[in-house]
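To find a chain, count down the sequence lines: A is the first, B the second, and so on, and within it residues start at 1.
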Amino acid sequence: MNYWLLKTEPAECSIDDLAAQPIEPMVWEGVRNYQARNFLRQMHEGDEVFVYHSSCKLIGVAGTARVSRSVYPDPAQFDPKSPYFDPKSSRDSPRWEAVDVVFVQKFSQLLSLDAIKASPALEDLALVKKGNRLSVMPVSANEWQAILELAK
DNA sequence: GCCAACGTTGGC
DNA sequence: GCCAACGTTGGC
């Protein structure tokens, strides 16, 4: 079992949107960065993920979800109406990947980016490394536990 | 809106 | 394959 952090803009897909469909999986589409895509490829069914709200007022980890379907071609890349459409991609050789995730929990209080930065246990978290803008990144087992503790 | 820190593109 | 120009991310 592995742990991950997925960034999302809550205006697009928030922890509340996930919570609103506790049974139906959410298609995690639109990742358009090769390094992030390569992490998607390493995700397995059952892996747990932090849902991180970015580009918004309350920045931080809002809750957790679980991978319910491992990697498959991102349907949005084939859809001309989608903002994630990629004309250079084809069904024969898709460029981009998606996974499905299902809601697990919303933290009673969002764990802010400030609190994450202030935690010595999280100083190596990829999220707070200088210049890291990946929307999909790995989280170690220790970091996973540390964040859960801080979110209590 | 600013801007640092990237990633991507395309001419050469 | 180099690299300048350009685009994007995302916190502030």
[N] phosphate, OP1 or OP2, under 4.0 Å from [X] side-chain N/O:
X       : N       : result
K130(A) : dA4(B)  : no
K129(A) : dC6(B)  : no
Y52(A)  : dG11(C) : yes

Given atom [atom1] of [X] and atom [atom2] of [N], what is their separation to the nearest angstrom?
X       : N       : atom1 : atom2 : result
N33(A)  : dA5(B)  : CG    : P     : 18 Å
L134(A) : dT9(C)  : CG    : P     : 12 Å
D114(A) : dG11(C) : CG    : P     : 11 Å
H53(A)  : dC12(C) : NE2   : C1'   : 20 Å
E12(A)  : dT8(C)  : CD    : P     : 15 Å
L5(A)   : dG10(C) : CG    : C1'   : 14 Å
L127(A) : dG11(C) : CG    : C1'   : 11 Å
I116(A) : dG10(C) : CD1   : C1'   : 14 Å

So, for E12(A) and D17(A), which heavy atoms are closest and what is the spacing to 0.1 Å?
O-OD2, 3.9 Å
Closest non-hydrogen atom pair, A146(A) against L122(A)
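Closest pair (atom of A146(A), atom of L122(A), distance): CB-CD2, 3.9 Å.
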Considering only side-chain heavy atoms of R133(A), which listed nucleotide, dG7(B), dT9(B), dC12(C), is closest?
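Selected nucleotide (nearest to the side chain): dG7(B).
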Options dC12(C), dT9(B), dG7(B), nucleotide nearest the side-chain atoms of K88(A):
dT9(B)
W96(A) ring center near Y72(A) ring center (under 6.0 Å):
no
Tell me, do H53(A) and L110(A) make a side-chain contact under 4.5 Å, heavy atoms counted?
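Yes - at least one pair of side-chain heavy atoms lies under 4.5 Å apart.
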Hey, does Q35(A) reach any base, or is it just sugar-phosphate, or nothing, if we go heavy atoms under 4.0 Å?
sugar-phosphate
For K57(A), report the nucleic acid contact type (base, sugar-phosphate, nothing); a contact means any heavy atom under 4.0 Å.
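It contacts nothing in the nucleic acid.
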Hey, is the main chain of Q21(A) close enough, under 3.5 Å, to the side chain of E24(A) for a donor-acceptor pair?
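A pair under 3.5 Å: no.
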